[in-house]
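Notes to accompany the following structure.
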Amino acid sequence: MSQRPVPGVVLPPTDSGKQPLAEDDDEHSSREIWKIPDSWIPDPEAPGAAERNMLADYEQLDARYTEKGITPRFRLRSDAGVTTGFHAIARPNPIPKNKNYAEQEKVYMTMCNRSGKKVYKLFPLAEVDQRIADGWELWRCQESPLDAGGRDPRLCNPPRDVTTTDKPHLDCERYFDQTSIYFVRDRFAPPNWQIHEPLEENYKEEDNISTAEQFRPPNEWDQVVSGSSNGHFKTTRRPPGVGCGWGDYDRFAQWESYGRKVTLDMVEKKDWDTELTPLEFVSADDPSSTTTIDPPKDIKEAIEAKEGKKPIPLYDVLLKKGGG
């Protein structure tokens, strides 16, 4: 299905790669002019020639667009009176309330402020010369950094989004700029809120697991609040073939879920049974009532297949790692 030209609007290229002129161009209303000339095709032996040819051809077309009053369109950029490329134009949404939207063409310009930081601002296209005289510069798209082989020769540091393995809120303080913090404080948080605090007005600081200096097991917390997520992965996992609670791994499940680190000084050195023995369950209502369950056959076979390798309690794991 072909596109019908709309008076005053330059249509984008069609699927065939051709572009019709607007209907009000009587001389060319029935012609399709968007056929890429051979002079626009890049030639490795003549670097930059294709771009220069395209700009020269578009200068002629732009003059006709100006004569016919066709807007919006690509806008040529010139430096010292020489055409060097196209402006990066920002236009409002072409909806009815934005009247004369095609005439509201703006461009981004940059300037370094007193602190040396580069700032960006939109100015009407018609004010470019005046703003340049005031010290502003046109924003330019960076040229491709790729070399002839299509590789990026620039060196950069590997990404690093975590600087602490113990208190996630410290990473938030590093990566959240002050604008983000002010936004949260203004919209969601109580006055004087800090980034390590939960978004609750009434809480006790001793209940904040994000900033707790010492580990406490779950039964010693009245309630747990946090300035970070409780969806962090456990880094200390109970080995297969052992029951719940063995090795003290499960003791730190809640602590680790909030991104807190388990260190050797938090774990008590204990003697743990590493032999495969029946499990004995004691009734909470009647301690004299017990139930004994023998280990399943598949677990026995799996452990025997490990050729005598026994599970290691958490204390010994951390000790081998130098404390955590």
Side-chain angles (χ1 to χ4, degrees), residues 3 5-14 19-25 28 33-34 36 40 42 47-146 152 154 156 175-187:
Q3 291 178 294
V6 179
V9 176
V10 180
L11 294 176
T14 60
Q19 166 138 4
L21 271 180
E23 273 187 343
D24 59 353
D25 190 331
H28 298 89
I33 66 167
W34 196 268
I36 297 179
W40 290 21
E51 289 82 357
R52 290 191 296 270
N53 293 334
M54 183 188 69
L55 290 174
D57 289 345
Y58 189 82
E59 281 185 295
Q60 300 178 20
L61 185 60
D62 186 66
R64 291 171 54 205
Y65 281 155
T66 302
E67 180 183 350
K68 297 294 184 179
I70 296 176
T71 56
R73 64 179 190 268
F74 295 119
R75 294 293 187 175
L76 290 167
R77 186 187 70 235
S78 61
D79 296 304
V82 179
T83 301
T84 57
F86 294 97
H87 282 294
I89 299 292
R91 295 186 178 92
N93 195 313
I95 55 179
K97 72 174 185 178
N98 289 332
K99 297 180 180 179
N100 301 322
Y101 79 94
E103 300 175 6
Q104 300 177 40
E105 298 177 322
K106 295 184 179 181
V107 293
Y108 274 103
M109 304 190 76
T110 67
M111 174 189 283
C112 290
N113 59 19
R114 294 179 179 178
S115 63
K117 182 179 180 180
K118 182 172 286 189
V119 295
Y120 300 83
K121 191 173 181 180
L122 275 171
F123 291 105
L125 182 62
E127 297 180 11
V128 167
D129 292 340
Q130 173 188 340
R131 299 300 177 179
I132 290 177
D134 294 339
W136 289 85
E137 296 180 355
L138 281 168
W139 173 83
R140 303 172 186 271
C141 294
Q142 293 184 350
E143 296 183 1
S144 172
L146 304 183
D152 191 338
R154 297 174 298 177
C156 63
Y175 286 102
F176 275 63
D177 57 21
Q178 288 299 314
T179 302
S180 302
I181 296 175
Y182 290 146
F183 175 80
V184 174
R185 184 178 292 135
D186 180 62
R187 298 292 182 90

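Throughout, residue positions are numbered sequentially from 1 according to the sequence presented. Atoms considered below: every heavy atom in the structure, side chains included; atoms not considered: hydrogens, waters and symmetry mates.
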Donor-acceptor pair, N53 side chain versus A49 backbone, under 3.5 Å?
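Confirmed, N53 side chain pairs with A49 backbone.
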
Can you name the residues that form a side chain to side chain contact (heavy atoms under 4.5 Å, CB included) with L125, not counting sequence neighbours?
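Here the qualifying residues are R75, H87, I89, E105, V107, V128.
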
Applying side-chain hydrogen bond (donor to acceptor under 3.5 Å, both in side chains), name anything that partners [X], two or more places apart in sequence or on another chain.
X: T66; result: R73
X: Q130; result: none
X: D57; result: W40

Do L138 and F123 make a side-chain contact, defined as non-hydrogen atoms from C-beta onward lying under 4.5 Å apart?
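Counting from C-beta outward, L138 and F123 never come under 4.5 Å.
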
Indicate yes or no: at least one non-hydrogen side-chain atom of I36 is less than 4.5 angstrom from one of M54.
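I36 does not reach M54 side chain to side chain.
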
Side chain to side chain donor-acceptor pair (under 3.5 Å): pairs with one or both residues in residues 114-128, sequence neighbours excluded:
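For residues 114-128, and leaving out neighbouring residues, the side chain to side chain donor-acceptor pair (under 3.5 Å) pairs sorted by first residue read N113-S115, E127-R131.
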
List the steps and the verdict of side chain to side chain contact (heavy atoms under 4.5 Å, CB included) for W139 and L122.
CA-CA 10 Å; W139 173 83; L122 275 171; over 6 Å; no

Report the distance from atom CG of L76 to atom CG of D62, rounding to the nearest 0.5 Å.
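The CG atom of D62 is 5.0 Å from CG of L76, to the nearest 0.5 Å.
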
R52: what forms a salt bridge (charged side-chain N to carboxylate O under 4.0 Å, His left out) with it, not counting sequence neighbours?
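Counting only residues at least two positions away or on another chain, R52 forms no salt bridge (charged side-chain N to carboxylate O under 4.0 Å, His left out).
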
Salt bridge (charged side-chain N to carboxylate O under 4.0 Å, His left out) partners of D152, counting only residues at least two apart
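In terms of salt bridge (charged side-chain N to carboxylate O under 4.0 Å, His left out), with neighbours along the sequence ignored, D152 is linked to R154.
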
Return the set of residues passing ring-ring contact (aromatic ring centres under 6.0 Å, His included) with Y108 (not counting sequence neighbours), or none when no residue passes.
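With neighbours one apart ignored, the set is empty.
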
Where F74 and Y58 come nearest, the two heavy atoms and their spacing
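The pair with the smallest heavy-atom distance is O-OH, 2.9 Å.
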
